[in-house]
Amino acid sequence: MNLPRLVLLCATLMPFVWSGAHARTPYVQNLAYISPASTEEPQLNALSALVLNQSNGELLYRKNIDVETPIASITKLMTAMVMLDAHLPMDASITISAEDVDTLRHSSSRLAVGTTLSRSEMLHLALIASENRAAYALARNYPGGITRFIAAMNNKARKLLMTHTSFEDPTGLTSNNRSTAEDLAKLVDAASKYPQIRDITTTGTYEIARPALVRVGHKRKSEWRHVVRRVEFHNTNRLVRDTNWNIELSKTGFINEAGHCLVMQAKIANKQVIIVLLDAYGKYSRIADAERIKTWLEQRNEGRVALKLDRMSGV
């Protein structure tokens, strides 16, 4: 058979072959409803970003994951782990001193010098509200003091194979606390093994009782009374209060040099994932990036489910 006749024969038979195959695949049309754009990687604001399937180590998304950058209060996850590794009494009292006051950036705090709380309460405030004085007080009350504590932070980083990470303080106020998105995924994975850290970082609000001296009565006849006031602290990551999210660990961070940072462990599309977002520009950018990642993973999962159904039906 010569070539022109062979081409003509194939063109004649092709419609029948194509229709025959589709007669056995009732689900194939479902793929048409999945826009190609829905599985494209999201465009994120963060300078560095990483999304990791924690169960099998699959890297789902990467953007500048080996760029070293200041990490701000993401530091406090390491602070919490080092403190908990020491197995110190959590009900022991710790008092905020002048040493705990930020003289580098002069950041504000709701913990006045002289405030006494338990070690457990200090840990809650350091992780939930990112209280710098609480974090520093925890490190200062470590066996051997602040110097030994920072050494323990760097030793822990080396044990976790965080080869591009270094710490100079327990708060993250210094821009010399540096890491990469790849290293911070290891940090989040390690922190997720501490039940206390998971529970605390996903708490939306936290209250402490603080003694106060108030003046009661009229100007001519008044007196001072000791009272106990309840002070409420909110989680710096508002997503932990969002019922559309299933977050199991969270920490935010910000200083000018680091930009807005966010790390999380969350369950999305039936996967346990680690999300690292570093140096996002703008207060809400890290939240918007996290939402984009969540939407992308869910749509990606839907696409794979549809494809699986098609394969089961004979494609």
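Throughout, residue positions are numbered sequentially from 1 according to the sequence presented.
- Counted within 6.0 Å of CZ on Arg105, heavy atoms from surrounding residues, nucleotides or ligands total more than 12; the atom is thus considered enclosed.
- Ser109 and Glu131 share a side-chain donor-acceptor pair at under 3.5 Å.
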Show your reasoning for whether salt bridge (Lys or Arg N to Asp or Glu O under 4.0 Å) applies to Arg292 and Asp289. CA-CA 5 Å; Arg292 292 187 190 100; Asp289 277 356; 2.7 Å; yes
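- Remark: the Thr75 side chain and the Asn177 side chain contain an N/O donor-acceptor pair separated by less than 3.5 Å.
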Derivation of the side chain to side chain contact (heavy atoms under 4.5 Å, CB included) call for Ser166 and Asn154: CA-CA 6 Å; Ser166 59; Asn154 286 296; 4.2 Å; yes
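- In terms of modelled atom types and a separation under 3.5 Å, the side chain of Lys63 and the main chain of Leu50 share no donor-acceptor contact.
- With hydrogens and angles disregarded, a donor-acceptor distance shorter than 3.5 Å links the side chain of Asp169 to the backbone of Gly172.
- In terms of modelled atom types and a separation under 3.5 Å, the side chain of Arg140 and the main chain of Ile146 share no donor-acceptor contact.
- Residues Ala290 and Leu239 come closest through the heavy atom pair CB-CD1, 3.9 Å.
- Thr203 approaches Ile128 most closely through the heavy-atom pair CB-CD1, 3.8 Å.
- In this structure, His260 and Phe254 have parallel ring planes: the angle between them is below the 30° cut-off, well short of the 60° mark.
- A donor-acceptor contact closer than 3.5 angstrom links the side chains of Gln54 and Asp189.
- In terms of modelled atom types and a separation under 3.5 Å, the side chain of Arg119 and the main chain of Pro89 share a donor-acceptor contact.
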What do the steps show when you test Lys294 against Glu298 for salt bridge (Lys or Arg N to Asp or Glu O under 4.0 Å), and what is the final call? CA-CA 6 Å; Lys294 181 174 181 291; Glu298 290 170 342; 2.8 Å; yes
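- Looking at Ser73 and Lys76, their side chains do bring a donor and an acceptor atom within 3.5 Å of each other.
- Between the side chains of Thr69 and Asp279, not a single donor N or O lies within less than 3.5 Å of an accepting N or O.
- Hydrophobic clustering (ILVMFWY, side-chain heavy atoms < 4.5 Å, transitive): Val188 and Ile65 are in one cluster.
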Evaluate the criterion side chain to side chain contact (heavy atoms under 4.5 Å, CB included) for residue pair Glu207 and Val231; output intermediate values, then yes/no. CA-CA 5 Å; Glu207 282 190 351; Val231 183; over 6 Å; no
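- A side-chain donor-acceptor contact under 3.5 Å links Asp102 and Ser107.
- Atom CD of Glu232 has more than 12 heavy atoms from other residues, nucleotides or ligands within 6.0 Å.
- Using a 30° and 60° split on the angle between ring planes, Trp296 and Tyr61 fall in the perpendicular class, above 60°.
- Shown here is Arg198, whose CZ atom has more than 12 heavy atoms of other residues, nucleotides or ligands within 6.0 Å.
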